[in-house]
Amino acid sequence: MKRITTFAAIGLLVLASCTKSTDLYDPTKVEPVTPVTPTEDKVITQEDINANVQKVFGTTFDPNHDWCTTVNGKVTILVNSSIKTVQVLVYLEHVDEDGEPYTSMEVLNAAEVDGRSSITLTYDAPKVNNGLFVAFISDTNYQLAKVEGETVSLNNVAKTRGEGDDVEETPYTLPNGTFTIGKSIESYANTRGWVPGEMLYELDSYTAQKMTVPNYSEGMKTAFNSMVLSYFQNKQRNLQKVKSSGLYNDKVYPITTGDKPIIVMPAFKWDSGSKYGNEIYNSDLYYYYFDTNAPEYQSNPVAFLQSLPKYKAFPFNEYYTDSEDNIIRRTAAYALMYFGDSKTPAIGTEGSFTFPKGLSIGFMVRANTEFEETKPGDPVKKIRKQGELYGDGRLNNDINNDPVLNFSSSKLDTDGPRVAWLTLNGRKLMCWESGTDADFNDIIIDVEGGIEIPFVPVDPEYKNYTYCFEDTPVGDYDLNDVVIKAVRKSETTVEYYVTACGAYDEIYIKGIGIDNNEVHKLLTNSSDTKVFINTQKGGQTASPYKVTKQVEKSFSLIDPTTAPYLYDATTKTEIYLSRTGEDPHGIMIPNDFKYPLEKTCIKEAYSEFNNWGQSSVTSTDWYTKPVTGKVY
């Protein structure tokens with residue numbers, strides 16, 4: 001059997017078109033198709049391969065290029081008996097198809113502790129990354145530590161404040177004096193007739209109620225930025241993540257413990273400043289409380305909740321400046337106050353820092369913004385974003401669907417929640433959607449004290465890898481002849497997904513446990529190999545074929561002894577991942593890669609591919625920048 005082998009130093013040739021017509025074997029030109037089988041008088045030589053590479057790519061590739069986009073490593077993780085699961089994660093920066101930046105935190109490997117005190121996990125990570133982390137997961141906490149060497153322990157977990165401080169609760173000193181209801185106003189829902197009689201109550205001033213607390217440590221800021229703002233990615237619709245926790249609407253309410261004050265601390269806001277009228281700066285946080293055993297709640301919970309008084313916890317302009325944005329800062333705290341159980345509390349009602357045990361606490365953001373939007377050639381448009389937005393989506397039906405107030409564009413529709421809870425490094429974080437893009441990172445508030453908040457861990461996605469192969473020694477390099485996705489789910493488990501087949505030959509995948517299954521038949525249950533699958537717009541489609549494989553703990557996805565390879569039964573050829581000095585006929589990409597469309601060379605689908613091929617240290621993130629209309 002012939003392995004696709006190395007190519008010699010290539011001279012520069014005039015750039016040529018990159019299509020299937022460059023293959024020696026072109027199934028589109030012969031009907032019926034007659035497979036090409038190398039014989040003694042017709043052997044595809046290295047010179048043929050070299051000449052074709054010159055013609056297709058029109059450039060000279062680095063003869064020392066190893067075509068590897070990943071690094072392999074291992075980290076030893078030290079745990080105690082409370083930890084049930086550990087993960088190795090990578091922090092990545094991306095740019096979407098609209099040129100907008102975003103980040104992700106993705107799992108490279110994970111393991112159940114099972115009584116071990118030390119676990120060594122191997123991983124394959126993108127060469128281009130912003131750092132590796134280890135997550136320690138117990139029944140009540142999700143703790144994150146940055147990987148600085150080859151060993152990480154619980155002692156490396158970023159503390160909330162002051163490195164080395166193991167106290168989870170933030171130090172604060174309750175303000176002295178008496179705090180009473182200073183005034184009441186109608187809610188916007190009341191004035192608009194949505195909730196007649198709904199009233200909002202507040203103190204005369206919040207300056208005296210404001211308490212100073214230590215800021216997050218730099219390690220905690222790193223963990224917060226890397227994980228929370230990657231999990232709830234900016235301008236991404238994250239509603240499904242919120243709902244997947246199960247903690248929304250009627251289940252979103254924490255319960256008072258009756259023994260400590262309830263402390264809320266603003267930690268982050270993201271409203272793009274004056275561009276949208278300083279939305280959060282002009283908003284206020286409110287809360288309300290109730291007994292779920294109340295007969296009125298049992299009979300009609302929504303009407304009962306709408307009838308409750310809502311109390312201002314603090315105004316955001318008491319904490320933030322109007323220009324502050326996209327900054328992690330937690331330097332002040334406010335204690336919620338209990339004003340009794342009257343539905344119409346009087347002005348002057350004195351508040352207490354202690355709540356009765358067993359009450360449910362709900363939260364609401366009152367938006368109060370007007371701004372002018374100007375677009376070239378259009379008249380000035382006045383935008384209003386005014387109204388009450390509740391964590392409990394059952395209370396948002398009117399405002400979520402009101403086009404005048406510019407909130408209907410959130411597409412949260414009926415019962416759409418606006419709060420998600422997350423647990424990170426001992427902190428309980430309340431993540432808000434106060435606008436219209438459903439990313440749930442507009443406002444993030446740290447909550448602690450006399451309140452029971454369920455453990456809601458972040459649930460990062462597992463890292464996807466993509467194997468792309470060219471099936472003929474003299475090919476068009478669309479690298480979609482066989483496409484395999486891979487996800488490492490644990491120390492000893494890898495999931496492979498046979499995704500696409502842009503070959504007409506009879507192709508088998510070796511090394512993942514499906515050696516005797518032809519690829520076309522796997523995907524379509526048909527023995528017809530003369531069809532492209534999942535490589536053409538409007539062409540044949542099929543669901544990926546999943547294979548679960550058990551591997552050694554030392555396994556690496558890029559290891560040539562264990563990586564998948566192809567056997568082309570038509571040409572009696574084996575095709576492996578490309579090695580140093582070879583042509584790029586097989587590449588593993590550390591991404592859920594958007595592979596080229598049929599008959600589209602990879603250099604056309606990814607305009608920086610040739611740069612990377614010429615020098616492996618340039619354009620190393622080429623695979624994150626697809627050309628619109630050129631990828632599947």
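- Nearest heavy-atom pair, Ala267 versus Tyr216, reported as atom, atom and distance to 0.1 Å: CB-OH, 3.8 Å.
- For the pair Lys210 and Phe314, the cation-pi criterion (under 6.0 Å, within 45° of the ring axis) is not fulfilled.
- Nearest heavy atoms, Leu203 versus Thr180: CD2-O, 3.1 Å.
- Distance check: Asp322 CG to Ile280 CD1 gives 13.0 Å after rounding to the nearest 0.5 Å.
- Residues Pro460 and Gln87 meet the side-chain proximity criterion, which asks for heavy atoms closer than 4.5 Å.
- Between Tyr102 and His94, the angle of the ring planes stays under 30°, which puts this pair in the parallel group of the 30/60° scheme.
- Arg427 has a carboxylate O that lies under 4.0 Å from a charged side-chain N of Glu448, or vice versa, which qualifies the two as a salt bridge.
- In this structure, Ile83 CD1 and Ser117 OG are separated by 12.5 Å, a value rounded to the nearest 0.5 Å.
- Distance CG/Asn400 to CG/Leu405: 11.0 Å, rounded to 0.5 Å.
- Panel note: side chain Thr423, backbone Val456; a donor-acceptor pair is recorded below 3.5 Å.
- Between Arg366 and Glu202, none of the side-chain N atoms (NZ, or NE/NH1/NH2) sits under 4.0 Å from a carboxylate O, so this pair counts as no salt bridge.
- Arg116 has a carboxylate O that lies under 4.0 Å from a charged side-chain N of Glu491, or vice versa, which qualifies the two as a salt bridge.
- You'll find the side chain of Leu285 stays beyond 4.5 Å of the side chain of Tyr334, heavy atoms only.
- Checked by atom type and distance alone, the side chain of Asn156 never pairs as donor or acceptor with a backbone atom of Ala145 at under 3.5 Å.
- Looking at heavy atoms from C-beta onward, Val213 lies out of side-chain contact with Ile263 at the 4.5 angstrom threshold.
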side-chain contact (heavy atoms from CB on, under 4.5 Å), that's the test. Do Lys385 and Thr436 meet it? Break it down for me. CA-CA 10 Å; Lys385 287 190 176 178; Thr436 60; 4.0 Å; yes

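- Of all heavy-atom pairs spanning Asp325 and Asp271, the tightest one is OD1-N, 2.8 Å.
- Judged by distance alone, with hydrogens and angles left aside, the side-chain atoms of Tyr248 form no donor-acceptor pair with the main-chain N or O of Ser245 at under 3.5 Å.
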Criterion side-chain contact (heavy atoms from CB on, under 4.5 Å) on Leu229 and Ile444, from CA distance to verdict: CA-CA 10 Å; Leu229 300 179; Ile444 301 180; 4.1 Å; yes

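- At a threshold of 4.5 Å between non-hydrogen side-chain atoms, the residues Trp194 and Glu388 do not count as touching.
- Residues Ser230 and Thr103 bring a donor and an acceptor atom of their side chains to less than 3.5 Å of each other.
- The closest donor-acceptor contact from the side chain of Asn238 to the backbone of Gln236 lies under 3.5 Å.
- Sorted by first and then second residue, the pairs that involve residues 393-416 and meet salt bridge (Lys or Arg N to Asp or Glu O under 4.0 Å), not counting sequence neighbours, are Asp392-Arg394.
- The distance from atom CG of Asp139 to atom CD1 of Ile137, rounded to the nearest 0.5 Å, is 11.0 Å.
- Looking at every heavy atom in both residues, Ala335 comes nearest to Leu174 through CB-CD2, 4.0 Å.
- You'll find the side chain of Leu336 reaches within 4.5 Å of the side chain of Phe355, heavy atoms only.
- Of the possible donor and acceptor atoms, one in the side chain of Asn425 sits under 3.5 Å from a partner among the backbone N and O of Leu144.
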Take Val447 and Trp421 through the test side-chain contact (heavy atoms from CB on, under 4.5 Å) and record every step on the way to the result. CA-CA 10 Å; Val447 184; Trp421 289 94; 3.8 Å; yes

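- Taking each heavy atom of Gln386 and Ile399 in turn, the nearest pair found is O-CD1, 4.0 Å.
- Side-chain contact between Phe268 and Ile445: absent, with no pair of heavy atoms (C-beta onward) separated by less than 4.5 Å.
- Not a single donor-acceptor pair under 3.5 Å links the side chain of Tyr253 to the backbone N or O of Leu359.
- At distances below 3.5 Å, not a single donor-acceptor pair connects side-chain atoms of Asn129 with backbone N or O atoms of Val90.
- The ring of Phe339 has its center no closer than 6.0 angstrom to the ring center of Tyr201.
- A salt bridge does not link Glu324 with Lys269: every distance from a Lys NZ or Arg NE/NH1/NH2 to an Asp or Glu carboxylate oxygen is 4.0 Å or more.
- For the residue pair Ser283 and Ala367, the shortest heavy atom distance occurs at OG-CA, 3.5 Å.
- Between atom CZ of residue Phe133 and atom NZ of residue Lys146 there is a gap of 5.0 Å, rounded to the nearest 0.5 Å.
- Aromatic ring orientation, Phe290 versus Phe304: perpendicular (interplanar angle above 60°, classes split at 30° and 60°).
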Could you walk me through whether Glu296 and Lys343 pass salt bridge (charged side-chain N to carboxylate O under 4.0 Å, His left out), step by step? CA-CA 13 Å; Glu296 294 172 276; Lys343 287 190 177 182; 3.0 Å; yes

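- Looking at Arg330 and Thr170, their side chains come closer than 4.5 Å, going by heavy atoms from C-beta outward.
- At distances below 3.5 Å, at least one donor-acceptor pair connects side-chain atoms of Glu433 with backbone N or O atoms of Phe440.
- Under a cut-off of 6.0 angstrom, the local environment of CD in Glu150 is sparse, with at most 12 non-hydrogen atoms contributed by other residues, nucleotides or ligands.
- Asn282 places no side-chain N or O within donor-acceptor distance of the main-chain N or O of Asn368, the cut-off being under 3.5 Å.
- A donor and an acceptor atom, one from each side chain of Thr85 and Glu112, are located under 3.5 Å apart.
- In this structure, the side chain of Asn441 engages the main chain of Phe232 through a donor-acceptor pair within 3.5 Å.
- Within the 4.5 Å cutoff, the side chain of Thr256 has heavy atoms near those of the Ile361 side chain.
- Taking the six-membered ring where the residue is Trp, Tyr390 and Tyr288 present perpendicular rings, their angle passing 60° and hence far from 30°.
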Let's go through Tyr281 and Tyr320 carefully: what are the C-alpha distance in whole Å and the side-chain angles of both, what is the deciding distance for ring pair (Phe, Tyr, Trp, His ring centres under 6.0 Å) to 0.1 Å, and is it a yes or a no? CA-CA 7 Å; Tyr281 177 80; Tyr320 290 110; 8.6 Å; no

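- We find the CG-CG distance between Leu308 and Asp341 to be 10.5 Å, quoted to the nearest 0.5 Å.
- Within 6.0 Å of the CD atom in Glu186, the count of heavy atoms belonging to other residues, nucleotides or ligands exceeds 12.
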Please walk me through it: do Phe407 and Leu389 pass side-chain contact (heavy atoms from CB on, under 4.5 Å)? CA-CA 10 Å; Phe407 283 107; Leu389 304 163; 3.7 Å; yes

